[in-house]
K.L.:
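Just passing along the structure, written as C-alpha cells.
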Amino acid sequence: TRHHSSFSGIIAMKCIRTALLLHAALLANPAAAAVISWNAASGLLPDQAGPWEISDGSTVHDPVLSAGVLTLTTEADYSRQMYYGISDAGVAFPASGSYWIEATLKLGYGASAAGWWRAPVVVGIGFDNGNFATLEIASDSIWIRNGNNSISASATVDTDDMFHTYRLEVDGQAGGDPVRVYQDGIEVLAASSVFYNGGTRSAFWGDATILSYGSSEWLAVSTNVAVVPVPAAVWLLGSAIVALMGVRRRGSIACSAGGI
C-alpha cells in the first residue's frame, strides 16, 4: 500500500508539472489567436457552440436553425439588427499574416435605406483603435466600405441564387490598410479600405445595421481572430492538486495528460 501511494504521488506530481508548464505558456501569451469555426450542420446555434454571441433586436423573428441552415431575418422597418459577434476579450489578432473572417451564405431578400451604403448582410472585423473593415452583401451586389457612408470598391456577383463562400481579408489595423474579398476562392474586391467607425476589437456577421433589413441563410462561419480557448491544462492543474491531497486516502490517481 505504501509503495502504491508513493507511485500515485509521483503520477500526481507529473500531472502538476505538466499543467504548470502549459499554464505558464498561457500566462506568457494570454491572448493568443486561434481559428474558430461554426457549422450549421452541428445542430447548434452559434451562441450555443460558442464563442459567438447573438445581438437580436427583432421583436418578431428569432434565429432559426433547421435542416443544417441558419436563417436570420429582420423586419422591413429599418430599425432592427440580428447578428453574431465576438468582441473585446474574446478577440485576439495573429502576430503575423492577414486577419480574416469567412462565411458560407446565401441572401434571401433585403433592401437598404435610401441614400445609405448599407446591406442586409455585413461581415466585418473591428480593431481597438476604432477602425473597421467590412464586406456588405446585397442583392447581386457586394461592396467594401471606406467610411460611414462611402465605399471604395464594389462588384456585381450572384448573392441570392446559391450559397457562396465569402472571405474578408485585412492586412493591417491602420486607416487605409488593404482589404480583399474573395467569393468561392476568387478575389473579387480589393481596396485600401480600413476606416474609422468607433468601437473596439470585434468580429461579426449578419444584419448588423439598422439601415437595412432582410433575410439570409448561413451554413458556416470561421475566423482567425478569436482567443485561444482556456486549455484543459488549467483544469488539469486543479484536479491534479486535489488528487495529490487525497492520494493517501484513495491510494490511486489517474492523469490523462501527464504520463509516466
K.L.:
Starting at CD1 of Ile86, measure out to CG of Asp47 and round the result to the nearest 0.5 Å.
P.N.:
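Ile86 CD1 to Asp47 CG: 13.5 Å, rounded to 0.5 Å.
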K.L.:
Measuring from Gln81:CD to Phe204:CZ, what's the distance to the nearest 0.5 Å?
P.N.:
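Atom-to-atom, Gln81:CD and Phe204:CZ are 10.5 Å apart.
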K.L.:
Determine, using ring centers only, whether Trp218 and Trp205 are less than 6.0 Å apart.
P.N.:
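Ring-ring flag for Trp205/Trp218: true, centres closer than 6.0 Å.
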K.L.:
Any donor and acceptor pair, going by atom type alone, linking the side chain of Ser42 with main-chain N or O of Asn39 inside 3.5 Å?
P.N.:
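Such a contact is found between Ser42 side chain and Asn39 backbone.
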K.L.:
Determine, stepwise, if the pair Thr73 / Ser215 fulfils side-chain hydrogen bond (donor to acceptor under 3.5 Å, both in side chains).
P.N.:
CA-CA 4 Å; Thr73 304; Ser215 182; 3.0 Å; yes
K.L.:
Are Tyr99 and Gln173 close enough that a side-chain donor and a side-chain acceptor fall under 3.5 Å?
P.N.:
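Their side chains do contain a donor-acceptor pair, which is all the 3.5 Å distance test asks for.
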K.L.:
Are Ile137 and Tyr84 linked, directly or through intermediate hydrophobic residues, by side-chain heavy-atom contacts shorter than 4.5 Å (ILVMFWY only)?
P.N.:
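As far as the 4.5 Å side-chain criterion goes, Ile137 and Tyr84 are connected within one cluster.
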K.L.:
Would you say Asp77 and Ser79 are linked by a side-chain donor-acceptor pair, where the criterion is simply a distance under 3.5 Å?
P.N.:
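Yes, Asp77 and Ser79 have a side-chain donor paired with an acceptor closer than 3.5 Å.
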K.L.:
For Phe195 and Asn148, what are the C-alpha separation, side-chain angles and deciding distance, and is it a side chain to side chain contact (heavy atoms under 4.5 Å, CB included)?
P.N.:
CA-CA 8 Å; Phe195 68 98; Asn148 182 47; 5.9 Å; no
K.L.:
What verdict does the side chain to side chain contact (heavy atoms under 4.5 Å, CB included) test give for Val91 and Val227, after you've listed the backbone C-alpha separation in whole Å, the side-chain angles of each residue and the deciding distance to 0.1 Å?
P.N.:
CA-CA 5 Å; Val91 176; Val227 168; 5.5 Å; no
K.L.:
Can you check whether Arg118's main-chain N or O pairs, donor with acceptor, with Thr209's side chain at less than 3.5 Å?
P.N.:
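No.
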K.L.:
Ignoring hydrogens and angles, tell me if any N or O in the side chain of Asp161 forms a donor-acceptor pair with the backbone of Asp158 under 3.5 Å.
P.N.:
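Flag not set: sc Asp161 to bb Asp158 has no pair under 3.5 Å.
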K.L.:
Is the shortest side-chain heavy-atom distance between Tyr213 and Tyr109 below 4.5 Å?
P.N.:
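The answer is yes, as the side chains (C-beta and beyond) meet within the 4.5 Å cut-off.
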K.L.:
Does a side chain donor of either Asp128 or Thr200 reach within less than 3.5 Å of an acceptor in the other side chain?
P.N.:
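Per modelled atom types, Asp128 and Thr200 side chains form no pair under 3.5 Å.
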K.L.:
Could you tell me whether the side chains of Thr165 and Thr104 share a donor-acceptor contact shorter than 3.5 Å?
P.N.:
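Present: a donor and an acceptor within the cut-off.
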K.L.:
Decide yes or no on side chain to side chain contact (heavy atoms under 4.5 Å, CB included) for Glu136 and Ile151, but give the supporting numbers first.
P.N.:
CA-CA 10 Å; Glu136 311 220 7; Ile151 66 171; over 6 Å; no
K.L.:
Quick one: does Leu168's side chain get under 4.5 Å of Arg180's, heavy atoms only?
P.N.:
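With C-beta onward as the side chain, the pair stays apart.
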K.L.:
What closest approach, in Å, do Gly43 and Gln48 show between heavy atoms, and which atom pair accounts for it?
P.N.:
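Nearest heavy atoms, Gly43 then Gln48: O-OE1, 4.4 Å.
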K.L.:
Could you report the tightest heavy-atom contact between Pro120 and Gly110, atom names first, then the distance?
P.N.:
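Looks like CG-CA, 3.6 Å.
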K.L.:
Establish, yes or no, whether a centroid distance under 6.0 Å links the rings of Trp117 and Trp143.
P.N.:
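Close enough - the centres of the two rings lie under 6.0 Å apart.
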K.L.:
Are Trp116 and Asn149 packed together at the side-chain level, in the sense that at least one heavy-atom pair is separated by less than 4.5 angstrom?
P.N.:
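A side-chain contact exists here, since the closest heavy-atom pair is under 4.5 Å.
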K.L.:
State whether a side-chain donor-acceptor pair under 3.5 Å links Glu75 with Thr59.
P.N.:
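Yes, Thr59 and Glu75 have a side-chain donor paired with an acceptor closer than 3.5 Å.
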K.L.:
What distance separates Ser193 OG from Arg145 CZ, expressed to the nearest 0.5 Å?
P.N.:
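Ser193 atom OG to Arg145 atom CZ measures 11.0 Å (nearest 0.5 Å).
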K.L.:
Considering all heavy atoms of both residues, which atom of Ala190 and which atom of Ile144 are nearest to each other, and what is their separation?
P.N.:
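The answer is N-CD1, 4.4 Å.
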K.L.:
Are Phe132 and Tyr196 close enough that their ring centres sit under 6.0 Å apart?
P.N.:
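Not close enough - the centres of the two rings lie 6.0 Å or further apart.
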K.L.:
Please walk me through it: do Leu105 and Leu219 pass side chain to side chain contact (heavy atoms under 4.5 Å, CB included)?
P.N.:
CA-CA 6 Å; Leu105 67 106; Leu219 297 183; over 6 Å; no
K.L.:
I want to check something: taking the side chain as every heavy atom from C-beta on, are Ile54 and Pro63 in contact at a cut-off of under 4.5 Å?
P.N.:
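Heavy-atom side-chain distance check passes, below 4.5 Å.
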K.L.:
Looking at every non-hydrogen atom in both residues, tell me the closest pair between Ala203 and Ile101 and how far apart they are.
P.N.:
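Scanning both residues, the minimum pair turns out to be CB-CD1, 4.4 Å.
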K.L.:
State whether the side chain of Glu217 and the backbone N or O of Thr71 hold a donor-acceptor pair below 3.5 Å, judged by distance alone.
P.N.:
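Pair absent, no side-chain N/O of Glu217 close to backbone of Thr71.
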K.L.:
Would you give the length of the straight line joining atom CG of Asp88 to atom OG of Ser202, rounded to the nearest 0.5 angstrom?
P.N.:
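Result: 8.0 Å between the selected atoms.
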K.L.:
Check whether any side-chain heavy atom of Asn131 sits under 4.5 Å from a side-chain heavy atom of Val194, and report yes or no.
P.N.:
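Yes; the side chains approach each other to less than 4.5 Å.
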K.L.:
Kindly say whether Ala153 contributes a backbone atom to a donor-acceptor pair with the side chain of Asn146 at under 3.5 angstrom?
P.N.:
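No, Asn146 side chain to Ala153 backbone: no donor-acceptor pair under 3.5 Å.
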K.L.:
To the nearest 0.5 angstrom, please state how far the CG atom of Leu107 sits from the OG atom of Ser216.
P.N.:
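So the gap between those two atoms works out to 6.5 Å.
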K.L.:
Identify the two heavy atoms, one from Ala92 and one from Ala33, that lie closest to each other, and give their separation to 0.1 Å.
P.N.:
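Scanning both residues, the minimum pair turns out to be O-CB, 3.5 Å.
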K.L.:
Just by modelled atom types, is the Ser98 backbone N or O under 3.5 Å from a matching donor or acceptor in the Asn224 side chain?
P.N.:
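Yes.
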K.L.:
With a 3.5 Å distance limit and no angle check, can you tell me whether Thr74 reaches the backbone of Arg80 through a side-chain donor-acceptor pair?
P.N.:
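Side chain of Thr74 to backbone of Arg80: no pair is present.
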K.L.:
Search all heavy atoms of Phe93 against all heavy atoms of Gly126 and return the closest pair with its distance.
P.N.:
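Where Phe93 meets Gly126 most closely, the heavy atoms are CZ-O, 3.5 Å.
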K.L.:
Check the side chains of Asp207 and Ser212 for a donor-acceptor pair under 3.5 angstrom, ignoring hydrogens and angles.
P.N.:
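Their side chains do contain a donor-acceptor pair, which is all the 3.5 Å distance test asks for.
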K.L.:
Would you mind telling me which of Val123, Leu189, Ile142 makes a side-chain contact (heavy atoms from CB on, under 4.5 Å) with Tyr166?
P.N.:
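By the side-chain contact (heavy atoms from CB on, under 4.5 Å) criterion, Tyr166 pairs with just one of Val123, Leu189, Ile142: Ile142.
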